[in-house]
Amino acid sequence: GRLRLPGPARLGSSGAAVQRAPQAAGAEEAGEDAGISARKKTFTEVQTERLEQAEQTVLIKCPPKINEKKLLQYLSSHGNIKSHFFFENHGIHALVEFSEKNSIASLQDAIGIPSTAEHYVVPFKSRLFTFKLKNPVSQAAEETPVHLSPQSHIPVNELIQKLCCADSISTQMYILLNEYQLTEENIKLRFLACSLVRDFARAFFPDSTVKPFGSSVNTFGKLGCDVDMFLDFHDIQKHATMMKKGPFEMEYQMKRLPSERLATQKILSVIGDCLDNFGPGCSSVQKILHARCPLVKFSHQPTGFQCDLSVSNSIAIRSSELLYIYGCLDSRVRALVFSVRCWARVHGLTNSVPGTWITNFSLTMMVMFFLQKRSPPIIPTLNQLKELAGEKDKHVIGGYDCSFVSDLSKIKPTKNTETLDVLLGDFFEYFGNFDFRKNSINLRKGKEVNKPESSPLYIWNPFEQDLNISKNVNQPQLEKFVAMARESAWILQKEDKTQRKINKEPWGLAAILIPFGKSNPSKMKNRMKGIGSETIRSLLDSLKLNTANTVQKAAGK
Ligand code: GTP
Ligand code: MG
């Protein structure tokens, strides 16, 4: 198999056979191509390769009855096709990757600019095409159904049914991971969305690139999650430092602006307008320029993604790479994160809109911290990763040392062999009993540290050490998290698996993915007895808050 599992993961995880690791797979493939077979590719190498592939890719809208052979035959007259797949998104689409970039120009040049009476067309050549045959009848005769690559995960109730058939919690967790994680095809589509936005950005800034970050690339992305992308002028910066040597100074196609923030706002404003006016399939474009991190939100219909575009944020990229490293080190890491995230979503602890609840990002950091605290640890602390950093890994951003090792093979595999069954239960127990009033979570040290200020939940930003990534979380939300964690730990400890299986009741992971109030309200009440009435009141408040939000969302916010 090409889909090799990260080393230590193979120990004792019975469900490992169902694990699919798209990012890692990409890394290996790339390794062979570039002749770097001795080691896994680094985060940067994988990203660079995927971005290059995306530039050689087009998206084709197909008729409902599509003759695959004919489509490929037509396309191959423009160049060699490296890979392709079909997917459903308001009709069948094909993503087609050519071996060479100039095949796209050849395809574009073979098509005239459409002229229809009711539309005026702005002649900006895109990489979105429609495949129409003049004689669809004869085509239909030859057509065989194409395989459609799924771009969304199964609903939770279906998942729960699948989980009930597994033989251990560990297997259940790998089943969940397998159903929810991004597929190779979905990742290609995400990079294509970035690449299509880049085509627009380049109209203004010829050397810019648009790169994905966040869960699209950090190995913790779930099918259906948003695409976080940023505009990168990195190459320009490099160029600028080189120029300092000579006697010249250049006005680099830009006015001088008094602050980076103002520049960011202006850049995003014009690109937002451009996408809104001319971007094919870009709809609901929203410029959110006064946020702490200014961004443009839009829906990209051809790929079906909700996108957040911001301007290069080096710290966020380092966070993505750090999580990528943790996700690649041991297969238990991703399995645990996916289960905890799914659990949190089911119980309304996380939400797709921002608010006073815990974010997926914070939750992921809590899982990482828990894994650092195992004995022996399953993943290293950030300080340990910093000690392993080579000369090329040195990064200082805004005065903060953000260095850590990028070569995965330099990190010693863990000696920890605990099963996911144990880890899941212990995760809930650990945070169900964590002293949030006194302690904060510090991934750099892998230790609890006294809280520097009074935010209910304090998770140190790993790179900007004076910031709390969970500053938004209020006391009721934290207490709700603690109550749910305790309830889940209790269920996992107390349940009789064999009895539940005989009764055909959800057990293990499945049992904690059912909203507690619904399955057995009386039990929940008992467990809440230990918590003061003050807590219950704030808990109820937070529930109300959550409901209000859902209503707002349903109203089409
Ligand atoms: P999803 O919920 O699957 O989208 O996870 P995500 O990791 O992509 O989270 P999100 O889209 O909210 O944010 C994208 C990226 O921005 C994250 O991966 C982080 O790198 C960064 N980010 C998000 N929230 C915070 C925060 O509160 N503090 C800091 N420092 N970075 C954040
Ligand atoms: Mg995201």
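When a ligand or atom number is given, it counts from 1 through the structure's own listing order. Only this structure's heavy atoms are used, side chains among them; waters, hydrogens and symmetry mates stay out. No experiment lies behind these values; they were computed from the predicted model shown.
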Check whether any N or O atom of Glu464, backbone or side chain, sits under 3.5 Å from an N or O atom of ligand 1, and answer yes or no.
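Min N/O separation from ligand 1 is not below 3.5 Å for Glu464.
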Below 3.5 Å, N or O to N or O, backbone or side chain included: is there any such pair between Ser215 and ligand 1?
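Among all N and O atoms of Ser215, at least one is under 3.5 Å from an N or O of ligand 1.
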All ring-ring contact (aromatic ring centres under 6.0 Å, His included) counterparts of Tyr458, not counting sequence neighbours
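Checked Tyr458 against ring-ring contact (aromatic ring centres under 6.0 Å, His included); matches are Trp460.
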Should the pair Arg334 and Phe220 be classed as cation-pi, given the thresholds of under 6.0 Å to the six-membered ring centre and 45° from the axis?
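Judged by the rule, Arg334 and Phe220 form no cation-pi pair.
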Report yes or no: do [X] and [Y] form a side-chain donor-acceptor pair below 3.5 Å?
X	Y	answer
Asn351	Arg345	no
Asn468	Ser470	yes
Thr364	Tyr326	no

Looking only at protein heavy atoms, which one is nearest to [atom], and what is the separation?
atom	value
atom 23 (C) of ligand 1	Phe361 CD2, 4.0 Å
atom 18 (O) of ligand 1	Gly214 CA, 3.3 Å
atom 30 (N) of ligand 1	Asn461 ND2, 3.1 Å
atom 2 (O) of ligand 1	Asn360 ND2, 2.9 Å

Should the pair Phe370 and Phe427 be assigned to parallel (<30°), tilted (30 to 60°) or perpendicular (>60°) ring geometry?
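Phe370 and Phe427: perpendicular rings.
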Any idea which atoms of ligand 1 are less than 4.0 Å away from a heavy-atom of Ser319?
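By the 4.0 Å cutoff, the relevant atoms are 20 (O).
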Of all the atoms in ligand 1, which lie at a distance below 4.0 Å from a heavy atom belonging to Cys225?
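Listed by number with element, the hits are 3 (O).
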Given Leu363, Asn468, Asp228, Val217, which has its nearest heavy atom closest to atom 14 (C) of ligand 1?
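The option holding the nearest heavy atom is Asp228.
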Under-2.8 Å protein N/O/S neighbours of the Mg ion (ligand 2), ordered by chain then residue number
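Hits for the Mg ion (ligand 2) below 2.8 Å: Asp226 OD1, Asp228 OD2.
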Among Arg198, Arg50, Arg127, which residue satisfies the salt bridge (Lys or Arg N to Asp or Glu O under 4.0 Å) criterion with Glu55?
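Result for salt bridge (Lys or Arg N to Asp or Glu O under 4.0 Å) with Glu55: Arg198.
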So is Arg341 close enough to ligand 1, meaning a heavy atom under 4.0 angstrom away?
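Contact present.
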Against ligand 1, does Gly221 come closer than 4.0 Å with any heavy atom?
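Per 4.0 Å heavy-atom rule, Gly221 does not contact ligand 1.
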Select one of side chain, backbone, both or neither to describe which atoms of [X] lie under 4.0 Å from any atom of ligand 1, heavy atoms only.
X	result
Asp226	side chain
Ile469	both
Phe213	side chain

Are any of the protein's heavy atoms under 4.0 angstrom from atom 11 (O) of ligand 1, yes or no?
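It does; a protein heavy atom is within 4.0 Å.
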For atom NZ of Lys447, decide whether the heavy atoms of other residues, nucleotides or ligands shown that lie under 6.0 angstrom number more than 12.
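Incorrect, the count does not exceed 12.
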If you count heavy atoms of other groups shown closer than 6.0 angstrom to NZ of Lys392, is the number above 12?
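Check fails, neighbour count at 12 or below.
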Please report the interatomic distance CD(Gln56) to OG(Ser195), rounded to the nearest 0.5 Å.
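Atom-to-atom, Gln56:CD and Ser195:OG are 9.5 Å apart.
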Begin with the C-alpha distance, continue with both residues' side-chain angles, and end with the deciding distance and a verdict on ring pair (Phe, Tyr, Trp, His ring centres under 6.0 Å) for Tyr180 and Phe338.
CA-CA 8 Å; Tyr180 276 30; Phe338 273 75; 7.3 Å; no
Looking only at the aromatic ring of each residue, does the gap between the centers of Tyr400 and Phe463 stay below 6.0 angstrom?
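No, the ring centres sit 6.0 Å or more apart.
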For Phe305 and His300: C-alpha separation, side-chain torsions, deciding distance, then whether ring pair (Phe, Tyr, Trp, His ring centres under 6.0 Å) applies.
CA-CA 5 Å; Phe305 291 125; His300 190 251; 8.0 Å; no
